[in-house]
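Counting starts at 1 for both ligands and their atoms, in listed order. Along the sequence shown, the residues carry numbers beginning at 1. Remember, predicted model here, so these are calculated numbers, not experimental data.
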Amino acid sequence: MESGVAVEALTEDQARAELKRLAAAIAAADVAYHSEDTPRITDAEYDALKARNAAIEARFPDLVRADSPSRRVGAAPAATFQPVRHAVPMLSLGNLRIAPSGLDEAARADWERREAADFDEQVRRFLGLDPEDPLAYTAEPKIDGLSLSLRYEGGVLVRAATRGDGETGEDVTANARTVADIPARLTGAPDVLEVRGEVYMRHADFAALNAAQAVRGERLFANPRNAAAGSLRQLDAAITASRPLRFFAYGWGEISAPLAKTQWGALQRLAALGFAVNPDSRRCDGIAAAVAHYFDLERRRGSLGYDIDGVVYKVDDIALQARLGFRTTTPRWAAAHKFPAETAWTRLERIEIQVGRTGALSPVARLAPVTVGGVVVSNATLHNEDYIAGRSANGTPIREGRDIREGDLVKVFRAGDVIPKVADVDLSARPADSRPFVFPDRCPACGSEAVREPGEAVRRCTGGLICPAQGVERLKHFVSRGAFDIEGLGAKQIEMFWADDLLPIRQPADIFTLAARDEANIAKLKNRKGYGAQSAEKLFAAIEARRTIPLDRLIFALGIRHVGESSAALLARHYGTWAAFEAAMTAARDEAGPEWDDLLRIDGVGPKLARSLVAAFRNPAERAAIDALVAQLTVEPVARPAAASPVAGKTVVFTGTLARMTRAEAKARAEALGAKVAGSVSARTDFLVAGPGAGSKATKAAELGVAVLDEDQWLALIGAG
Ligand code: IVH
């Protein structure tokens, strides 16, 4: 994962770009986790993204985005199911603290007992009970699935809803009806009864489902929990019906008459009504017995046949539950006692390097398959080259400096549904002939140089457009809005054409030869699934319309790292024509000489961007892809700002309402005249253009003695009045 520049070192522009990137990355992770049921990053990586976002926002409060991830919790329910407001919110559970790693068995057992005793003490204190007073609990397996609320009216199942954000879930009634453990009718139930419990999948069923998915060439599920979630949240209930889902009932929401006086009694009653309740739940006379059950379940965890991630303790007496009530989001009468992350030792057979979308090289450990908590693990992440070498990004040792090598006996660590990690290595079991792992300096997918920039943990492929691993994503960028923005050619179509053997698009130039190649093919695009004569013609016309492209858009579209929309515009204005730009990039290849110096002199171009640019032009394969593309295009020159412009080289900030132009227009015009447009006022600001409603920026400008102009004065200054 990208760690990027230290937050303290970010410029405002970098911070803005970084916040944008983080918002997108966190949103994508949220969607993957909550709505698509496939977590793409580990919890730790997710937390790191959130933490970085928060740190940048703290340093640049003005830059907090309207869609900032700090303002959201998780993803909103997918739009495809009807929202259901829960009559009684579906809350979550507070957790006892997880034991620190590295404790020996006795110390760890002590820790767990103490944590549970603390919970018991809190409950007693709240209720005013003495330590000797009897207080019973249930200890129930905490099933690792997804919670579901089933509403019965007059004994008939009328609604099934997922938890969602706890207040509002998704209506999955049709799907829930296909689950064998969920009765459609109940006899002798209260008139209104919302049964709550967990949908899950057994290990054996999960394995069979994934095997069937593999045979059909369909997506594999990461783990039983994701398989259960993905199966329940199908728009086509027939698919849900074909999936081996199960349900354990453990609680209730709205209810017109109590089920029982105790939690234990309620579980019996739910069983009598026809629900599956967990056979490993116990009624315990005190917290000590509940913890004993916790240890017992931890020992038997691997042989239960389904995933549990801990034990839930609940005060048994429902009248006491009512007195204890809830904190904001969790009950005082229950707590989750989770198992520590599971570990297992196995042989690391090989270290492989995967190439991600931005060209990041990620090392993956291929392991001799080993069962970690009931799940067979054969791959684990190794994070980055420093992690393998046994040091952190700032050089301090990790694992006391022990490196990880192919052939090593390693400790694999798996917590919940995240990607397993290699956590440690047993040096005493290291083969005599082992060698330190040499992290490649070439991309395994395309052979291009892989470089690691100072301050970054990640090494990246510089192959850009020619690297197949990066190819698809780079093409998506190429056709995106600020770039070529070709109508009818979006991410979905790029993926389709990428995989198409008859009419492939593998590099940008292929887009502009598409029509001609189709002409030469016997099988025509217009006869393909998803395309008709009209839509094929429309696509070709949309591509044709972009054959003429302004220089700044072209530079941005190339997708060279660090070259965003605004730096592309700066470069385009500086060089004016493609020929001049290309000649300069070629001449600056050695990162020295007059062209290199000239590049660095552009305000807004730093050494990082400059290095990345010339590296792209120096790379023969990428250069060939660029040349092939440009041969297809007419590149419109960009007017260089008149040196005589009164605002050339000045920094301008716009604030308040502008009457005669939009903000975007004002910015574009100012930039065309060689001004730099900034988002906030500082000592370096030359003009503040303030419309009605200008607030703190005007005050700050006055404080700093920055010239303040109204819109008309500004237009007069730039000769547009
Ligand atoms: S009781 C008000 N009992 O764990 C609290 N939850 O971390 C109601 N879970 O959202 C939850 N097994 O999805 C309860 N025996 C059990 C459970 C259980 C699994 C899940 C449930 C809940 C989450 C809380």
Nitrogen or oxygen contacts under 3.5 Å, ligand 1 side and protein side:
| residue | atom | partner | partner atom | Å |
| --- | --- | --- | --- | --- |
| ligand 1 | 3 (N) | Lys314 | NZ | 3.0 |
| ligand 1 | 4 (O) | Lys142 | NZ | 3.2 |
| ligand 1 | 7 (O) | Lys142 | NZ | 3.4 |
| ligand 1 | 12 (N) | Ile143 | N | 3.1 |
| ligand 1 | 13 (O) | Ser147 | OG | 3.4 |
| ligand 1 | 13 (O) | Glu198 | OE1 | 2.6 |
| ligand 1 | 13 (O) | Glu198 | OE2 | 3.2 |
| ligand 1 | 13 (O) | Tyr250 | OH | 3.3 |
| ligand 1 | 15 (N) | Glu140 | OE1 | 3.0 |
| ligand 1 | 15 (N) | Pro141 | O | 3.4 |

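For Tyr200 and Phe248, the ring centers are positioned less than 6.0 Å apart.
Two residues are said to be in side-chain contact when any heavy atoms from C-beta on lie closer than 4.5 Å; Trp252 and Glu194 fail this criterion. For the pair Ile98/Lys338, a side-chain contact is recorded, criterion being any heavy-atom separation below 4.5 Å from C-beta on.
If you take CG on Leu146 and CZ on Arg233, they are separated by 9.0 Å, rounding to the nearest 0.5 Å.
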Criterion side chain to side chain donor-acceptor pair (under 3.5 Å) on Asp120 and Tyr137, from CA distance to verdict: CA-CA 10 Å; Asp120 181 59; Tyr137 291 94; 2.6 Å; yes
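Of the possible polar contacts, one joining the Trp111 side chain to the Arg97 backbone as a donor-acceptor pair under 3.5 Å is found.
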